[in-house]
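In what follows, a structure is listed as structure tokens, so that the remarks can point back to it.
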Amino acid sequence: MTTPTTAPAVETIDGFRGRLIKGDHADYDIARAVWNGAIDRRPRLIARCIGVADVVAAVRFARDHDLEIAIRGGGHNVAGTAVCDDGIVIDLSAMRAVRVDHAGRRAWVQGGALWGDVDRETQAHGLATTGGIVSHTGVAGLTLGGGVGWLMRKHGLTVDNLLAADIVTADGERLRASEDEHPDLFWALRGGGGNFGVVTSFEFRLNTVGPTVLAGPILWDAADAGEVLRFYRDFIRDAPDDLGTVVRFGAAPPVSDIPEDLHWRPVVMIGTCYAGPCRDAEQVLRPLRAFRTPLLDIVGPTRYVEFQSALDSTVVHGWNYYWKSTHLPELRDDLIDVIAEHAFSCSSPRSYVAMFHLKGAVSRVTEGATAFGNRQASHAITLDAVWRPGEDFGDRDTAWSKGFFAALGRFRQGVYVNFLNHDEDPDRVREAYGSVYDRLVDVKTTYDPGNVFHHNQNIRRD
Ligand SMILES: Cc1cc2nc3c(=O)[nH]c(=O)nc-3n(C[C@H](O)[C@H](O)[C@H](O)COP(=O)(O)OP(=O)(O)OC[C@H]3O[C@@H](n4cnc5c(N)ncnc54)[C@H](O)[C@@H]3O)c2cc1C
């Protein structure tokens, strides 16, 4: 698959047909920017590839010139690992093609695609695979780390739907990894991140979803957070796998679906998405919707593809972000007390907390069957400080995120690697993988013994 471009190359790498963007290029500052505006790195060269041959050429060029490599898929990772200082960015953002085999229920997706690209093409056939909850997130980084989203409790993590991947390895070789081809590499790609090479294409299994689903948020006042969480804990214990929920704590964002008088009011918001028939969803959700009197309930029949972009405007490219994250067990009363105490004490109206309900199909896959660790955890929580350029909330809310994380210390149960930040203790990568870490080190040693791909949440022998 090749995405055509008319832009001329500005410097020659043997065999490279895409765009090479250096520091003196007019597009350099745009091309080096990533989603997190707090990341400000200056690579020597950005190699915007338009096909697999470009990726091979760029990897070989980097090796020959001893350049550090960063791989850019969607450029969305909070740690900013898609861009490095002084090295080369192998940029796949021009490789976003998606092809759907409707009858075979499969999709082939290039390594620079965003989830919005995938949902749009697959939903045209009433199909979907588990993706993230923000449509401008990259497919590659999200998939390689595991992939959590609204559909995971029914259809598994994104990696549980991955059938194969095409990859360019550290020595510039092209491999296909699947259950039958390089199965050790295929195992490692399902959670092990960008440690093994540049993935140029993914093949996913697709499932029937919607295209209309019952979905939407229910809002309660922040003062009720403790009681809402206690009710939520009991409600999700028996909820069917069709139901995906994410709890968001923070000021109600000024989006068009929320009435203006609620904008910026501190609320606990339970986002829901039911992956089965709408008539079943009405019945399943009734008790939650009837709990106390919500400030707002906008659950209703919604096109899944539109619901997938409902949060996009609340996490804008170029704002500054600092996250801490951990997995959590079931919501015991003392854990709920800690969450309720800290969730609303940030300063910026844009800072928020998001808590994904895991379990269901995620925890039915045997631990170690893929490289995604800690499958038995109940929730993944992220404590997200957000401030716009020029605003002075950064120091205070970074301290809030760290303080909240420390308060959760005794409940921690691993972490999702894709929610780790740039300044984490290296032990946290091991924490993310738990019992699968040592096997990941073995596969890393086989496919990238020189640790060429290290600008990431790095897997290495200590
Ligand atoms: C607002 C927001 C919402 C999010 N929501 C979710 C969510 O709902 N579910 C979820 O699971 N995660 C979510 N995430 C986390 C997300 O999974 C990671 O940020 C992920 O890294 C994004 O992928 P990307 O391709 O944009 O990453 P990039 O920033 O482009 O890359 C990050 C790293 O991924 C690796 N990588 C990227 N592309 C390739 C490639 N083609 N080949 C090999 N390695 C590659 C590299 O190691 C790179 O350093 C969210 C993140 C944000 C910022």
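Both ligands and their constituent atoms are indexed starting at 1 by order of listing. If you're wondering where the values come from, they're calculated on a predicted model, not measured in any experiment.
Taking a 6.0 Å sphere around CG of D66, one finds it holds 12 or fewer heavy atoms contributed by other residues, nucleotides or ligands.
Qualifying salt bridge (Lys or Arg N to Asp or Glu O under 4.0 Å) partners for R42, counting only residues two or more places apart in sequence or in other chains: none.
Between F344 and Y352, the ring centre distance reaches or exceeds 6.0 Å.
Sorted by first and then second residue, the salt bridge (charged side-chain N to carboxylate O under 4.0 Å, His left out) pairs with a member in residues 358-374 read D241-R364; sequence neighbours excluded. Screening residues 63-84 for ring-ring contact (aromatic ring centres under 6.0 Å, His included) gives W35-H76, F61-H65, H76-H136, H76-H317 as the qualifying pairs, with residues at least two apart or on separate chains.
Side-chain polar atoms of N36 and Y322 form no donor-acceptor pair below 3.5 angstrom.
Near ligand 1, W35, I71, R72, G73, G74, G75, H76, N77, T81, A82, L92, G111, G132, I133, V134, T137, G138, A140, G141, L142, L144, G147, V148, G194, G197, V198, V199, V315, W323, F356, Y416, N418, F419, H455, N456 each place a heavy atom less than 4.0 angstrom from the ligand.
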